[in-house]
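A short worksheet on the structure shown next.
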Amino acid sequence: MPKKLFLYNLSLSPLYIIYYIKLVDIKILSDINDTVLYIIEQKSIVFLVLILIVLFGLWIFNRDFQADSQDLPIITNIQRKDYDYFTFLSVFILPLFAVSLDGFRDWIVLIVILSFMGVVYIRGDFLYMNPIFLLFGWYLYKGETQAGKIVFLVDFSNMPNKVEKGYYYKQIDNNFMFLKRFASGN
């Protein structure tokens, strides 16, 4: 479950960045300590902390990728599936820009919406729909294993129709995994 929460939080990083930019009010005061305290007292600090959590989680995820990997199952009937990114953006992210953060009630509404979306995102197995993966060079594919249909992200844009070896493999849930090519010399 922590991996799924991390992936959901990662999917919201564009929203965090945009809200941070909208809310940040940087003033340079005469004393550096006063400037830092002024920035910390702002509402935008919530989004800055969330951005830092996402970056730290991304670092941990990448660092532990090879250590957590398993033997790759044979994947056949591989097809690219990038159109799902647009679904995520139009359904999950874009409507949230209509939520202003002017008062306490607006913050409560945003928290309720994000919580509801998180439950739908995780329980509905929509983890793979995160467009941030494409920005980091992960490409979305679907295929089949002995266990059934699978959706996976891979760090290679031109996948063959079938793979059996040459990749690290990290299962996220029953129908979603990451594949990462072996480094040269492995």
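Small disclaimer: the values here were computed from a predicted structure and weren't measured. The residues of the chain are indexed from 1 along the displayed sequence.
- The aromatic rings of Y8 and Y121 lie tilted to each other, with the angle between the two planes from 30° to 60°.
- Within the model, atoms CG of L10 and CD1 of I53 stand 13.0 Å from one another, a figure rounded to the nearest 0.5 Å.
- Residues V109 and F116 share a hydrophobic cluster, clusters being chains of Ile/Leu/Val/Met/Phe/Trp/Tyr side chains in contact below 4.5 Å.
- How far CD of Q146 is from OG1 of T76: 9.5 Å, rounded to the nearest 0.5 Å.
- Nearest heavy-atom pair across I150 and N175 is CD1-C, 3.3 Å.
- Side-chain contact check for L55 versus W59: every heavy-atom pair is 4.5 Å or farther apart.
- To the nearest 0.5 Å, atom CG of residue L153 and atom NZ of residue K170 are 12.5 Å apart.
- No side-chain heavy atom of Y19 sits under 4.5 Å from any side-chain heavy atom of V46.
- To the nearest 0.5 angstrom, Q79 atom CD is 8.5 Å from E144 atom CD.
- Criterion: ILVMFWY side-chain heavy atoms under 4.5 Å apart, direct or through other members. Under it, F104 and V112 are part of a common hydrophobic cluster.
- With I17 as reference, I51 is the one residue of L48, I51, L12 to meet the side-chain contact (heavy atoms from CB on, under 4.5 Å) rule.
- L58 and F6 get closest at one heavy-atom pair: N-CE1, 3.3 Å.
- The backbone N or O of G143 lies less than 3.5 Å from no partner atom in the side chain of N77, so there is not a single donor-acceptor pair.
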### Query
Should L140 and L134 be marked as a side-chain contact (heavy atoms from CB on, under 4.5 Å) after you check the CA-CA gap, both sets of side-chain angles, and the distance that decides it?
CA-CA 8 Å; L140 185 61; L134 191 59; over 6 Å; no
### Query
Checking side-chain contact (heavy atoms from CB on, under 4.5 Å) for the pair L7/F133: CA distance, chi angles, key distance, verdict?
CA-CA 10 Å; L7 293 173; F133 296 131; 3.6 Å; yes
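- Taking each heavy atom of I132 and P14 in turn, the nearest pair found is CD1-CG, 3.4 Å.
- Closest approach of Y167 and V154 over heavy atoms only: CE2-CG2, 3.7 Å.
- W107 and F47 have their aromatic ring centers within a separation under 6.0 angstrom.
- Side chain of K43 to backbone of L101: a donor-acceptor contact under 3.5 angstrom is found.
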### Task
For L50 and Y20, run side-chain contact (heavy atoms from CB on, under 4.5 Å): C-alpha distance rounded to whole Å, both residues' side-chain angles, the deciding distance at 0.1 Å, then the answer.
CA-CA 10 Å; L50 289 170; Y20 178 75; over 6 Å; no
### Task
Start with the C-alpha gap between L114 and L15, add the side-chain angles, then the distance that decides, and say whether side-chain contact (heavy atoms from CB on, under 4.5 Å) holds.
CA-CA 11 Å; L114 292 178; L15 182 72; 4.0 Å; yes
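- Using a 4.5 Å cut-off between side-chain heavy atoms of Ile, Leu, Val, Met, Phe, Trp and Tyr, with links allowed through other members, M159 and I74 fall into different hydrophobic clusters.
- In plain terms, the two heavy atoms of K4 and I172 that are nearest each other are CE-O, 4.0 Å.
- When the side chains of ILVMFWY residues are joined at heavy-atom separations under 4.5 Å, either directly or via intervening members, I21 and I18 end up in a single hydrophobic cluster.
- With respect to F152, the ring pair (Phe, Tyr, Trp, His ring centres under 6.0 Å) criterion is satisfied by exactly one of W138, Y141, F178: Y141.
- With sequence neighbours excluded, the residues forming a side-chain hydrogen bond (donor to acceptor under 3.5 Å, both in side chains) with D106 are S100, listed by chain and number.
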